[in-house]
Amino acid sequence: RRYLRMLKLVSKRCKGCGICVNFCPKKVLEVTEVGKCAIIAGKEKDCIQCGQCEMRCPDYAIFVEKDK
């Protein structure tokens, strides 16, 4: 059985520090003008689910989550 892994953001936890953006090896994340982390439109499939963003986020605002 194959699982699709998705990047999930909890915007109410995000303070926009940009740590996840700096550690993303594929540069799929950005801090928006409202000061929250977001996936850059059109780059969703570039994510390699390495988990660097999840490991580095001090506020537990981003997760690599498995969907069936």
Side-chain angles (χ1 to χ4, degrees):
R1 186 185 281 198
R2 288 186 74 189
Y3 291 97
L4 177 65
R5 294 165 74 83
M6 304 289 293
L7 198 55
K8 304 285 184 187
L9 299 164
V10 182
S11 63
K12 62 184 171 186
R13 291 185 187 170
C14 180
K15 65 183 177 205
C17 66
I19 293 172
C20 60
V21 175
N22 291 327
F23 279 94
C24 180
K26 293 296 185 175
K27 306 298 178 203
V28 299
L29 301 169
E30 67 179 348
V31 176
T32 66
E33 60 275 354
V34 294
K36 300 287 183 179
C37 175
I39 301 167
I40 298 170
K43 291 203 151 222
E44 299 89 348
K45 293 188 181 198
D46 291 345
C47 176
I48 59 171
Q49 299 90 27
C50 66
Q52 287 296 315
C53 56
E54 181 177 0
M55 287 189 289
R56 306 293 180 160
C57 180
D59 300 305
Y60 306 100
I62 191 164
F63 303 91
V64 178
E65 189 174 88
K66 278 197 249 185
D67 286 339
K68 291 183 181 182

Taking every non-hydrogen atom, the tightest pair across Leu9 and Ala38: CD1-CA, 3.8 Å
Donor-acceptor pairs under 3.5 Å, side chain of residues 10-19 to any protein atom, not counting sequence neighbours: which ones?
unit_1 : atom_1 : unit_2 : atom_2 : d
Arg13  : NH1    : Tyr60  : O      : 2.7
Lys15  : NZ     : Asp59  : OD2    : 3.4

Quick one: CD1 on Ile62 to SG on Cys20, what's the gap to the nearest 0.5 Å? 5.0 Å
Side chains of Ile39 and Cys47: closer than 4.5 Å at any heavy-atom pair? no
Tabulate below the donor-acceptor pairs under 3.5 Å that side-chain atoms of residues 23-32 make, not counting sequence neighbours, or state none.
unit_1 : atom_1 : unit_2 : atom_2 : d
Lys27  : NZ     : Cys24  : O      : 3.4
Thr32  : OG1    : Val34  : N      : 3.4
Thr32  : OG1    : Lys36  : N      : 3.4
Thr32  : OG1    : Lys36  : O      : 3.2

Under a single-linkage definition using a 4.5 Å side-chain heavy-atom cutoff for Ile, Leu, Val, Met, Phe, Trp and Tyr, are Ile40 and Val21 assigned to the same hydrophobic cluster? no
Where at least one partner belongs to residues 39-55, residue pairs that pass salt bridge (Lys or Arg N to Asp or Glu O under 4.0 Å), sequence neighbours excluded: none
For Gln52, check side chain to side chain donor-acceptor pair (under 3.5 Å) against everything at least two apart and list the hits. Arg56
